[in-house]
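Counting starts at 1 for both ligands and their atoms, in listed order. FYI, the numbering just counts along the sequence from 1.
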Amino acid sequence: MRKPIIAGNWKMNKNPEETQEFLEAIKGKLPAADQVESVIAAPAIDLNALVWFSKDSDLKVAAENCYFEDEGAFTGETSPKALSEMGVDYVVIGHSERRGYFHETDEDINKKAKAIFRNNMLPIICCGESLETREAGKQTDWVVAQIKAALAGLTAEEVSKSVIAYEPIWAIGTGKTASADQAQEMCHAIREAVKGLYNEQTAENVRIQYGGSVKPANVKELMAKPDIDGGLVGGASMVPDSFLALVNYQN
Ligand code: 13P
């Protein structure tokens, strides 16, 4: 059985003080880690507070990005080695905002995935099509190609432990959620692609999230779909009560 994984993605929001306030508000209210994995992906400057909180709580911590080299003369980048040493569990890679605004390529994302495993963390690998691609009916080919490129050279064991987040760009921050059926259809296609690239067991193990205007009001319907194992949530993850409603969706 795949364990559900609900992750907030704060994007470029909250300072360390605001992070502390958020953590005070969710203290003792997260679901047990063996039921649902609760994750927050936060800006690098907030990770220290999250890691300290995670030490005696059920929260897991994600960085929103990292570089693909472990250390060196790369001004302004974040070292995956340092993230791992500080106690970060996951790194989000390939978010459409990074692909779009910062011109990250499939090749960069693949190198980052390898760097994350090399440093004993796990990737949350984002993929998703634009509205234009969907309207042209090419969304499945597009997303499968992104996944193929991101996973290139990873072992079946690594892919089994990976998280893939399907986030159609047209549903991000727009209030326009993909229907649960549209989300299920793509998450299923991703799982089939993993089966083709690796094997049945790997496809059964890999966890696939849906992201794009997920909120307390629609999380249950999405999570009821057989190939949707979690959510990657922007806006609705930033308010403590809303985040708690999302991670406690089973109650
Ligand atoms: P919203 O939930 O705000 O649509 O953002 C989705 C997202 O990009 C999460 O990574």
N/O donor-acceptor pair under 3.5 Å between R207 side chain and G230 backbone
no
Every residue of the protein that comes under 4.0 Å of ligand 1, judged on heavy atoms
N9, K11, H95, E167, A171, I172, G173, G212, S213, L232, V233, G234, G235
What's in the same ILVMFWY side-chain cluster as L131, cut-off under 4.5 Å, chained through other members?
W170
Whether K138 engages the ring of W142 as a cation-pi pair (distance to the six-membered ring centre under 6.0 angstrom, angle to the ring normal within 45°) should be assessed.
no
Only pairs at least two apart or in different chains count here, so list each ring pair (Phe, Tyr, Trp, His ring centres under 6.0 Å) that has a residue in residues 80-129.
none
Mind jotting down which residue pairs meet the ring pair (Phe, Tyr, Trp, His ring centres under 6.0 Å) criterion with at least one end in residues 217-251? Sequence neighbours excluded, please.
F22-F243
Verify the distance criterion only: is there a donor paired with an acceptor across the side chains of K29 and N248 at less than 3.5 Å?
no
